[in-house]
2 protein chains.
Amino acid sequence: MTELAFSKQEGLIPAIIVEDLTGDVLMLGYMNEESYQKTLTSGHTWFYSRSRDELWHKGATSGHYQEVCKIITDCDNDTLLIRVKQQGGSACHTGAKSCFFKELQ
Amino acid sequence: MTELAFSKQEGLIPAIIVEDLTGDVLMLGYMNEESYQKTLTSGHTWFYSRSRDELWHKGATSGHYQEVCKIITDCDNDTLLIRVKQQGGSACHTGAKSCFFKELQ
């Protein structure tokens with residue numbers, strides 16, 4: 001079994017969330033081991049909120065849950081890429097489909 | 001001008017690197033302000049290596065430079081998405097096109 005490197009960042013691993021259907025990057029969130037396990041068992045993404053210091057079931061407030069299609073780790077097991085089916089059409093709290101909408105250059 | 005939130009993670013901001021042509025996620029790296037500025041001025045990605053504690057000009061060893069096409073920040077300015085033209089066809093030190101090739105689920 002692949003050991004994820006939660007230890008590199010104070011127990012957190014970044015998870016890039018990608019829309020399975022289109023391949024579009026929707027957001028980046030952080031998982032600790034507990035939220036990762038909840039993601040595995042529930043089939044929905046669970047994150048760890050650094051600002052609120054608590055687990056966060058994505059969509060619990062908005063209804064915009066993310067159904068997990070596939071979990072992929074990178075070559076050194078310190079980043080996840082999770083392909084999801086995004087419910088409600090938007091991953092961002094602003095209502096945008098993706099959190100990445102501000103072009104800098 | 002958009003202020004990036006380098007402060008949230010001890011001066012580092014994660015950068016999701018996406019192949020501009022295909023939209024595929026290639027890797028995730030970290031930038032400090034200096035590597036971000038070098039990325040802006042050089043047009044190539046520069047990262048901060050947490051393990052080596054030094055700036056890292058991606059491709060300097062392999063020749064697999066990443067030409068910056070577009071830089072996008074997320075809704076709260078604490079993650080970058082950088083669309084690149086990947087030289088040499090692979091972003092990963094294993095020779096894989098993308099660092100994300102290990103499926104967990």
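Throughout, a chain's letter reflects where its sequence line sits, starting with A, and its residues are numbered from 1.
Remark: B:D74 CG to A:K102 NZ distance equals 7.0 Å, nearest 0.5 Å.
Below 4.5 Å, heavy atoms of chain B meet heavy atoms from A:I16, A:V18, A:G23, all part of residues 15-23 of chain A. Among the residues in residues 76-89 of chain B, those with a non-hydrogen atom closer than 4.5 angstrom to a non-hydrogen atom of chain A are B:N77, B:D78, B:T79, B:L80, B:L81. Of all residues spanning residues 42-64 of chain A, those with a heavy atom less than 4.5 Å away from chain B's heavy atoms are A:R50, arranged by number. Using a 4.5 Å heavy-atom cut-off against chain A, the contacting residues of residues 28-35 of chain B are B:L28, B:Y30.
Side-chain heavy atoms closer than 4.5 Å link hydrophobic residues (I, L, V, M, F, W, Y) into clusters, and following such links, possibly through other members, connects A:Y36 to A:L26.
Proximity of B:C75 to A:C92: side-chain heavy atoms (C-beta onward) are separated by under 4.5 Å at one or more points.
Among the candidates B:L4, B:I72, B:L40, the single residue satisfying the side-chain contact (heavy atoms from CB on, under 4.5 Å) test with A:L104 is B:L4.
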